[in-house]
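Chain letters run A, B, ... following the sequence lines, proteins first, then strands; residues in each count from 1.
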Number of protein chains: 10
Amino acid sequence: MLFLVHMHVQIPPDADKDMIERKKAEEKAYSQNLQHEGKWRHLWRIAGEYANYSVFDVESNDELHTLISSLPLFPYMKVSVTPLAQHPSAIVQN
Amino acid sequence: MLFLVHMHVQIPPDADKDMIERKKAEEKAYSQNLQHEGKWRHLWRIAGEYANYSVFDVESNDELHTLISSLPLFPYMKVSVTPLAQHPSAIVQN
Amino acid sequence: MLFLVHMHVQIPPDADKDMIERKKAEEKAYSQNLQHEGKWRHLWRIAGEYANYSVFDVESNDELHTLISSLPLFPYMKVSVTPLAQHPSAIVQN
Amino acid sequence: MLFLVHMHVQIPPDADKDMIERKKAEEKAYSQNLQHEGKWRHLWRIAGEYANYSVFDVESNDELHTLISSLPLFPYMKVSVTPLAQHPSAIVQN
Amino acid sequence: MLFLVHMHVQIPPDADKDMIERKKAEEKAYSQNLQHEGKWRHLWRIAGEYANYSVFDVESNDELHTLISSLPLFPYMKVSVTPLAQHPSAIVQN
Amino acid sequence: MLFLVHMHVQIPPDADKDMIERKKAEEKAYSQNLQHEGKWRHLWRIAGEYANYSVFDVESNDELHTLISSLPLFPYMKVSVTPLAQHPSAIVQN
Amino acid sequence: MLFLVHMHVQIPPDADKDMIERKKAEEKAYSQNLQHEGKWRHLWRIAGEYANYSVFDVESNDELHTLISSLPLFPYMKVSVTPLAQHPSAIVQN
Amino acid sequence: MLFLVHMHVQIPPDADKDMIERKKAEEKAYSQNLQHEGKWRHLWRIAGEYANYSVFDVESNDELHTLISSLPLFPYMKVSVTPLAQHPSAIVQN
Amino acid sequence: MLFLVHMHVQIPPDADKDMIERKKAEEKAYSQNLQHEGKWRHLWRIAGEYANYSVFDVESNDELHTLISSLPLFPYMKVSVTPLAQHPSAIVQN
Amino acid sequence: MLFLVHMHVQIPPDADKDMIERKKAEEKAYSQNLQHEGKWRHLWRIAGEYANYSVFDVESNDELHTLISSLPLFPYMKVSVTPLAQHPSAIVQN
């Protein structure tokens, strides 16, 4: 089941740089893990912004929430979620 | 080059039903053609709305505009476009 | 799996009154059917507005979209959907 | 009398972690108490966000305000309230 | 129990003038009746707009919805409702 | 002459608690004074929010501005003002 | 007493041209009358839009509402009003 | 003196097609004339929308308003204007 | 050439009070100077807000930007600018 | 390929002044370099705001993102991007 997720990252300019770098590294590892498992199906940078659009493939809303709220940078993110359904004109199944 | 495209369709309740059905059929054929060519890479219905999110893979902004503005239902759509870039944590190339 | 759904109905003042009354009757029957089946778990009127908040209990985004887009008054509605997850402080399971 | 309540929690990244954890524990106890009393009828997490939708069942606007403004995390919340009425198609009474 | 109600009236320029005048007269009678009963406690015009702010004093959300949705001009209105509670600094009871 | 005033109070979580309590007490005294004089005609809490709706009865915009900007908590408020006129259906004069 | 007034005119493309021209002529005469009387103190076109910003000088909110709602094009306007007070740094009195 | 102008064209689906085609042709001629004169310095299509961003080079706000409000499709446009100034880092003069 | 300018001042509650008082005094002197020169033609307080509407009379967008960005409180302001043109019904020239 | 880019700079009032001045100098050099290369085709100040509109001419969304996210002041900016296409009435090629 697919969800489009918009994540906008807002790191306060006075945040501790080392801590942020550590969290970014964790975030990258976490994200790539989920991509390899097929749960984080797409990950795109929004050109010009510190934000991304992603597509998650999960079993339930609960799983989606667990995955997103476990992001190392989650406390610095503004997130919004759009549930996606099969489009009748799509040539592949979701 | 990828673009996320949000299309919201607004057909006035008093529109001619036959004409709309004809345009919907043309839209489906047009869309599936572009999907087979690989230019319309993803097409998802937004659950609960007469709207979709799509990802286009095109050579340029001009090609993107030509593809979207040629949609049979374009005069009934509100469209917005978000340019996507390679995300440094993505495990595949756009 | 639960979704909060906001439906705002906008019937143009010049719409055919008989047709609208017929659609409203169909809508009521359709809605009560789904309530009896347990898929439309809650249905509340927003005080002072021709709008409602509902909670649907479905298997998937696809089922949710099918249920909503089959509403007899769907062409007259503005709909938005919020996916709900289990809250850690809730004393019952969703 | 039912009210839909949207609560969005915004904890500043530099807040004291112990104090916040203590308040979260208090919040959980407070919320579960009200759920057991039947006043906090539903509590759902919004998938992907540090926010929830709730339904309160109270005698009056005053009682509603007292319950919400006594939340231990209230100073960190953005709250909005929607009064709900009986929907004519609902198969149960509010 | 008090509610602040904002009503914005939008009459399409091509509406039937006689019908609208009749509905306005009915609206006035209906409103003055409720004012005399004490249910429609305040009624103010917003300067420069075809809109008003009102305060209703009702027993419940259901009564509020019944009163508002029975307004003769309701189909032409955009309405929003704010539930009011006792303010601790107010020198009178609501 | 009446004005509807919306005041939303935003006290930063790290503000000095004693100073804020002192200002709140001053605010209460100030507000009750104006209520007794008849200038602050209504004061209602918005249910669930740290915000209020008020109605002021003043001689001029200048007097209104002086009264509001002298509020002890004014530096922590977001204020908006709506001028009210006599409604032709109101059964009392403003 | 001064008010800044924003008026945005929206004439439906299919409106009767003669009627609109007549109303525009009436509007011009009406406006110039009020300007000569000193009640409509300033009238500016917003560059690029069919809209204007005006400053009215009136005795009360009631007078303001009467002047604006009597505009021949009022049914085609979206109006918003901002009450103005004396600025402490202004070198002239309002 | 430069102004960025955003024009969004909204042609009602039931507009007379011949009349619109005629106006579009006039619009093109009008626009190209101003481009040749150097007053309409840039004209870009917004990808995916029936809208454009333009830069005008004019002597005054009055000239700008005259040029825009004389557009054959002006009655079908939503326009907004942003005045541009010399940027201190720009390597050319506006 | 006239521009309507909206300035909203946001001074953080923890800002240095002396520094702010000094800047306010400079701002007043600066503003009165420009008013005497005729460049800052009008200055009004928005009733109930720490904000103002002003009308500037300048030679160009560049001059306008220089005047506004030199305001002593500019770093604490949110500013928006609306270019004004001659209104055909105005009885005086801008 | 052209993109219109809106950049709004928000420097917290308590930021280190020397560091900001250094970053501004770097920003200027960086920007002028890209202007000389032809990649940053236009750079305009928005009159009255600490913001600019720019036009970039790049090969791809990826190049655009790299250029913008490398701006020395990027962590202090709110950026939005609009992809531009050839307008059929433009007398020059993008």
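- When every heavy atom of B/A85 is checked against every heavy atom of J/N61, the shortest pair comes out as CB-O, 4.0 Å.
- Atom NE2 of J/H87 and atom CG of B/D62 lie 12.0 Å apart (nearest 0.5 Å).
- With a 4.5 Å cut-off on non-hydrogen atoms, B/L64 does not touch chain J at all.
- Screening J/E59, J/M1, J/Q86 for a side chain to side chain contact (heavy atoms under 4.5 Å, CB included) with B/S60, the sole residue that qualifies is J/M1.
- By the ring pair (Phe, Tyr, Trp, His ring centres under 6.0 Å) test, J/H65 is found to be paired with no residue, residues two or more places apart in sequence or in another chain being considered.
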